[in-house]
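Report on one structure; see the data block that follows.
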Protein chains: 2
Amino acid sequence: MTISPGTPQRTFPQVSPAKASFKAHMRQVREDAIVEAANRLLAEKGFDLMTVDEVAAEVGIAKASLYKHFTSKEDLAAAAMLRLLTRAQALLASLPANARPLEQLKAVLRWMLQLQLAGDMPALPSQNSSLRLALMAHPVFPDQLRQLGAQIGGWIAAAQQDGSLNPRLPADVVLYILYARACDPVLAFLKAGGRYGDEVLAELVLAACFEGLNAR
Amino acid sequence: MTISPGTPQRTFPQVSPAKASFKAHMRQVREDAIVEAANRLLAEKGFDLMTVDEVAAEVGIAKASLYKHFTSKEDLAAAAMLRLLTRAQALLASLPANARPLEQLKAVLRWMLQLQLAGDMPALPSQNSSLRLALMAHPVFPDQLRQLGAQIGGWIAAAQQDGSLNPRLPADVVLYILYARACDPVLAFLKAGGRYGDEVLAELVLAACFEGLNAR
DNA sequence: GTCTATAGCCAGATAGAC
DNA sequence: GTCTATCTGGCTATAGAC
């Protein structure tokens with residue numbers, strides 16, 4: 001649906017719909033810029049070390065303006081995490097539906113590894129914190145997360161069924177192992193070492209995860 | 001070497017050697033208690049969320065007293081990390097020397113997993129921080145870490161030589177993958193789920209790491 | 001809605017009596 | 001060396017002018 005000037009987009013009265021939608025658009029663009037900056041800083045420093053001042057400075061706005069968009073630091077970080085979930089679901093939707101389930105799982109992990117190597121994987125604190133509570137209380141995040149887990153879980157079950165994934169590992173263990181690779185410090189360590197390029201590194205970790213450390 | 005009363009243990013003059021060594025002993029005991037409390041809190045909340053007040057409260061001393069032992073929060077955490085390294089080297093020394101190298105590696109990983117499940121694995125922030133700098137500048141930590149890495153690295157090379165470990169994975173990648181399991185959030189997640197006991201959980205993650213997710 | 005300025009709080013570190 | 005009391009700085013969040 002496109003927005004044409006002069007066409008009211010909402011049911012409640014507006015003095016000038018065109019101008020109103022333009023302002024709403026601008027607001028959305030700014031908000032996206034804020035979330036993107038927060039995402040980058042979450043990937044770089046994590047929630048605790050990231051400051052709201054930094055986010056505002058990176059976007060080029062005042063901190064008080066940022067608080068007109070998000071009521072708290074937790075709220076801002078939750079928006080970044082939700083953006084991650086949305087991107088993940090977009091990736092899943094873009095995968096060929098007829099591929100083997102094991103290949104789907106590898107594609108998901110590869111995407112997460114590349115995101116982390118690009119410095120775009122927001123990191124939440126592994127311990128309990130205010131951020132966890134905010135995410136659990138979020139209106140849509142938990143539901144989106146469950147939906148994502150269900151889709152990946154379906155591939156896990158299918159891969160175990162067709163004999164390509166170890167059937168002795170419980171499905172939830174496999175799912176969490178995949179999720180955990182998203183914040184695996186191995187990538188950051190080895191990337192800092194500088195001995196491997198991003199593509200090689202991602203394939204090495206991918207292989208180690210699926211094929212294991214043992215010789216075959 | 002035992003310390004007998006009246007026998008000077010140091011070359012510099014002391015008014016009362018017995019009393020001095022007693023006091024030194026008491027000081028050491030207190031210091032150990034502080035480090036142990038810090039270790040537990042680092043495992044529970046991580047460096048950023050742990051406060052020096054909490055550590056002092058857990059030991060039952062005033063914060064100012066704690067600062068007589070450690071000059072900073074980073075210094076305290078570094079002592080906890082060094083304690084971990086020392087415990088790791090004690091474990092390595094306790095392993096049977098004639099075991100196959102792959103079994104040595106599995107024993108090390110199993111020990112790390114059990115430590116984490118017991119809430120005794122101090123966690124340092126994965127991102128760059130003041131703690132990293134303190135650890136790098138520590139008088140003995142980096143050397144001990146290198147020593148540990150060399151010993152484990154020897155087993156990795158041997159296991160690749162005897163055909164039990166995948167020779168296509170570079171040794172440093174294998175080493176970091178093992179290290180990273182020490183702070184793997186998979187254990188905490190699944191433990192919180194309550195579906196698996198500690199022993200089962202450790203064996204599941206151990207198997208997934210060495211044998212991989214793929215079916216064999 | 002954007003800004004500057006500031007309130008309020010919390011945690012690391014220290015002063016100074018005993 | 002241990003304590004109580006305090007300093008200091010940084011960060012979240014808000015007030016209030018425009």
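Below, chains carry the letters A, B, ... as their sequence lines are ordered, and counting in each starts from 1. Scope of the values below: all heavy atoms of this structure, side chains included, with no hydrogens, waters or symmetry mates.
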Query raised in the report: Please walk me through it: do B/Gln28 and B/Asp32 pass side chain to side chain donor-acceptor pair (under 3.5 Å)?
Result: CA-CA 6 Å; B/Gln28 186 61 43; B/Asp32 289 347; 3.0 Å; yes
Query raised in the report: Roughly how many Å is it from CZ in A/Arg30 to C1' in C/dG1, rounded to a whole number?
Result: 7 Å
Query raised in the report: Quick one: B/Tyr67 OH to C/dT14 P, roughly how many Å, whole number?
Result: 8 Å
Query - Positions of residues 52-64 of chain B (non-hydrogen atom under 4.0 Å from DNA chain C), listed by number - result: B/Val52, B/Asp53, B/Lys63, B/Ala64
Requested in this report: Specify the separation, in whole Å, of atom CE of B/Met26 and atom C1' of D/dT2.
Outcome: 13 Å
Query raised in the report: Are A/Arg40 and A/Glu44 ion-paired here, with the side-chain N under 4.0 Å from a carboxylate O?
Result: yes
Query - Close residues, residues 68-84 of chain B, relative to DNA chain C [heavy-atom separation under 4.0 Å] - result: B/Ser72, B/Lys73
Report summary line: Rounded to whole Å, CD of A/Gln28 lies from P of C/dG1 at a distance of 12 Å
Requested in this report: Establish, yes or no, whether the cationic atom of A/Lys106 lies under 6.0 Å from the six-membered ring centre of A/Phe210 and within 45° of the ring axis.
Outcome: yes
Query raised in the report: Rounded to the nearest Å, what distance is computed from the CD atom of residue B/Glu31 to the C1' atom of nucleotide D/dT2?
Result: 15 Å
Query raised in the report: Over how many whole Å does the gap from A/Leu49 atom CG to C/dG12 atom P extend?
Result: 13 Å
Requested in this report: Identify, with sequence neighbours excluded, every residue that meets salt bridge (Lys or Arg N to Asp or Glu O under 4.0 Å) alongside B/Asp53.
Outcome: B/Lys63
Report summary line: A/Met50 CE to D/dC11 C1', in whole Å, measures 12 Å
Query raised in the report: What integer distance in Å separates A/Asp48:CG from C/dC10:P?
Result: 16 Å
Query - OP1 or OP2 of D/dG1 under 4.0 Å from side-chain N/O of B/Ser65 - result: no
Query raised in the report: Does B/Asp184 come within less than 4.0 Å of A/Arg181, counting only side-chain N to carboxylate O?
Result: yes
